[in-house]
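For reference, the structure discussed in these notes is given below.
Here the structure is a predicted model, which is why all the values come from computation and not from measurement. Indexing begins at 1, ligand by ligand and atom by atom, following the structure's order. All values below were derived from every heavy atom in this structure, side-chain atoms included, with hydrogens, water molecules and symmetry-related copies excluded.
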Amino acid sequence: MKEILIAGGGIGGLAAALALARKGRKVRVLEKAAEFGEIGYGIQMGPNVARMLDLLGVLKTLEPASVFPEALIFADALTNEEITRISLGKAFLARYKFRYFVIHRRDLLAGLLAGCRQREEIALDTSSGVKTIVQRGDSVTVTCENGATHEGCALIGADGLWSPTRQSVIGDGAPRMAGHYVYRGVVPDEQITDRSRINAMTIWGGPDLHMVQYRLQGGAVMNNVATISSRRFRKGEANAGAADELEEIFARTHPGVRDNLRYVSRERNWVLHDRDPATNWTNGRVTLLGDAAHPTLQYLAQGAQMAIEDGVVLAEKVAAAGEDYNRAFMAYQRERMNRSARVVLSSRFFGEYIHVDGGARELRNELARGRDPDHPWEVDWLYKGIDVNNKL
Ligand SMILES: Cc1cc2nc3c(=O)[nH]c(=O)nc-3n(C[C@H](O)[C@H](O)[C@H](O)COP(=O)(O)OP(=O)(O)OC[C@H]3O[C@@H](n4cnc5c(N)ncnc54)[C@H](O)[C@@H]3O)c2cc1C
């Protein structure tokens, strides 16, 4: 049996490799970087993906490095007032069966990698950026930047936001810049001065900005993320999203929120992108997964979660279709398209909603104050998760 090739060994690529191996398929992961690794800090994981990680056999191994917040809190960044919360206690667990947790990206990737390394069906190649892709009959041949050539029975492009595989399948050029810029920083927990929400995942929303804070690594460190929707970007000006614009936009916020800005590093920022939902990610025996297929803004914290769900569904469809990879990939795409599109479009909406000012801010806060903390209806469709027929 020929190998299934996967371009990209990020969260999505490794989850897909593990899911396929658990269905008895041979897989080769081709990762461009010299080592498997993740850039950035924390990542939020909802109950929908906790279930997927459990199916993949890695959830338990992630627990020691995870933090389980007691609530998701939304506060107004101008007043520091708590507006609403989603309680993550008993009612949440009873409804969704799995807990919500946060984890360092590095620890999540390490858990997936350890799972892959235990499977003899999986080969893991680093320094193997995929350069060219040729489909012929019942095979796909890829040539890597290092000169190596691999012939597989199919190719999954899990090569991220700037996916070269996507360009060979859809050819739609660069992703859309949202004009949102993110600054992050992790500091030892004891440096945090306001400890009133220390056990929560808190989001402060304000005009053209928001700040996120939650603890990582068993509570040893605090992850701090500040995002701005750049006014300079909207006006087409220079230095959009630069550190001085971060200060400028946060200047109106409550002193407690401004205090948190001390914890984010100005050394680099992340420029956010997404794409309009596509209607076909598959060409013959090549398909896309994760950010390569449906990159999203982070406002529902679901990009990596969608990538992991993709991998589980893809493996199911491959197992059901025998050697007919095109049938498997079309069925996979059909099942994933609307759910991932809803994440992309809802994330844009929530990005707007938390950044409003004036009367819109007043209305947002009034509507949010009326929410039932034990019924997170906005994300219920997400957290309820997907139907997975077969045990992996
Ligand atoms: C600020 C921010 C916060 C976020 N927070 C969350 C969150 O809380 N929860 C959540 O679920 N998601 C979150 N996301 C989204 C999440 O980070 C991404 O959706 C997720 O990492 C996508 O995984 P992926 O495996 O598809 O792509 P990537 O993680 O980008 O992995 C792609 C891999 O492919 C490799 N590669 C690239 N080109 C090639 C090539 N030619 N050949 C071979 N390999 C190649 C890369 O080196 C990389 O290892 C956030 C994103 C941002 C920007």
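- Interface of Gly290 with ligand 1, defined as ligand atoms under 4.0 Å from a residue heavy atom, comprises 26 (O).
- With distances taken over non-hydrogen atoms, the option nearest atom 16 (C) of ligand 1 out of Ala304, Ser347, Ala16 is Ala304.
- Nearest to atom 14 (N) of ligand 1 among the protein's heavy atoms is Arg105 NH2, 3.6 Å.
- The closest side-chain heavy-atom distance from Leu382 to Met306 is below 4.5 Å.
- Residue His180 forms a ring-ring contact (aromatic ring centres under 6.0 Å, His included) with just one option from Trp270, Tyr299, Phe233, and that option is Tyr299.
- The Gly303 neighbourhood of ligand 1 comprises atoms 10 (C), 11 (O), 12 (N), 15 (C), 19 (O), with distances under 4.0 Å to a heavy atom of that residue.
- Looking only at protein heavy atoms, the nearest one to atom 1 (C) of ligand 1 is Arg184 NH1, 3.5 Å.
- When side chains are defined from C-beta on, Arg197 counts as touching Glu82, because their heavy atoms get closer than 4.5 Å.
- Among all protein heavy atoms, the one lying closest to atom 44 (N) of ligand 1 is Lys32 N, 3.2 Å.
- The N/O atoms of Glu145, backbone and side chain alike, include none that comes under 3.5 Å of an N/O atom in ligand 1.
- At the top of the distance list for atom 8 (O) of ligand 1, counting protein heavy atoms only, stands Gln44 N, 2.8 Å.
- Within the 4.5 Å cutoff, the side chain of Arg364 has no heavy atoms near those of the Leu367 side chain.
- The ligand atoms of ligand 1 that sit less than 4.0 angstrom from a heavy atom of Ala158 are 32 (C), 33 (C), 34 (O).
- In summary, the aromatic rings of His294 and Trp281 are positioned with their centroids under 6.0 Å apart.
- Remark: minimum distance from atom 43 (C) of ligand 1 to any protein heavy atom is reached at Leu30 O, 3.1 Å.
- Residue nearest to atom 42 (N) of ligand 1, selected from Val130, Leu14, Ile308: Val130 (by heavy-atom distance).
- Shown in contact with Gly160 at under 4.0 Å from a heavy atom are these atoms of ligand 1, numbered in order with element: 27 (O), 30 (O), 32 (C).
- Residue Ala301 places at least one N or O, backbone or side chain, under 3.5 Å from an N or O of ligand 1.
- Shortest contact from atom 49 (O) of ligand 1 to any protein heavy atom: Glu31 OE1, 2.7 Å.
- Seen from the ring of Phe68, Arg99 counts as a face-on cation partner, given the 6.0 Å and 45° thresholds.
- Heavy-atom proximity to Asp159, at under 4.0 Å, picks out these atoms of ligand 1: 32 (C), 34 (O), 36 (N), 37 (C), 38 (N), 39 (C), 45 (C).
- The existence of a salt bridge linking Glu352 and Arg361 is excluded, since no basic side-chain nitrogen approaches an acidic carboxylate oxygen closer than 4.0 Å.
- Pairs engaging residues 212-223 under the salt bridge (charged side-chain N to carboxylate O under 4.0 Å, His left out) rule: Asp189-Arg215 [sequence neighbours left out].
- The two atoms that bring Ala226 and Leu246 nearest to each other are CB-CD1, 4.1 Å, heavy atoms only.
- Not one N or O of Ala7 is nearer than 3.5 Å to an N or O of ligand 1, by distance alone.
- Contact annotation: Lys131 has no heavy atom less than 4.0 Å from any atom of ligand 1.
- Electrostatic pairing of Glu248 and Arg232 counts as a salt bridge here, judged by a charged N lying under 4.0 Å from a carboxylate O.
- Of the protein's heavy atoms, Ile43 CG1, 3.4 Å lies nearest to atom 7 (C) of ligand 1.
- Nearest protein neighbour of atom 29 (O) of ligand 1, counting heavy atoms only, is Glu38 OE2, 3.7 Å.
- Near Leu272, meaning under 4.0 Å from any of its heavy atoms, are these atoms of ligand 1: 53 (C).
- Between Phe92 and Pro373 the shortest side-chain heavy-atom distance does not fall below 4.5 Å.
- The atoms of ligand 1 that sit less than 4.0 Å from any heavy atom of Pro164 are 41 (N).
- Within the listing of ligand 1, atoms 25 (O) sit less than 4.0 angstrom from a heavy atom of Ile11.
- Here Lys317 does not pair with Asp324 in a salt bridge; the nearest charged N to carboxylate O distance is not below 4.0 Å.
- Using a 4.0 Å cut-off between charged side-chain N and carboxylate O, Arg95 and Asp374 make no salt bridge.
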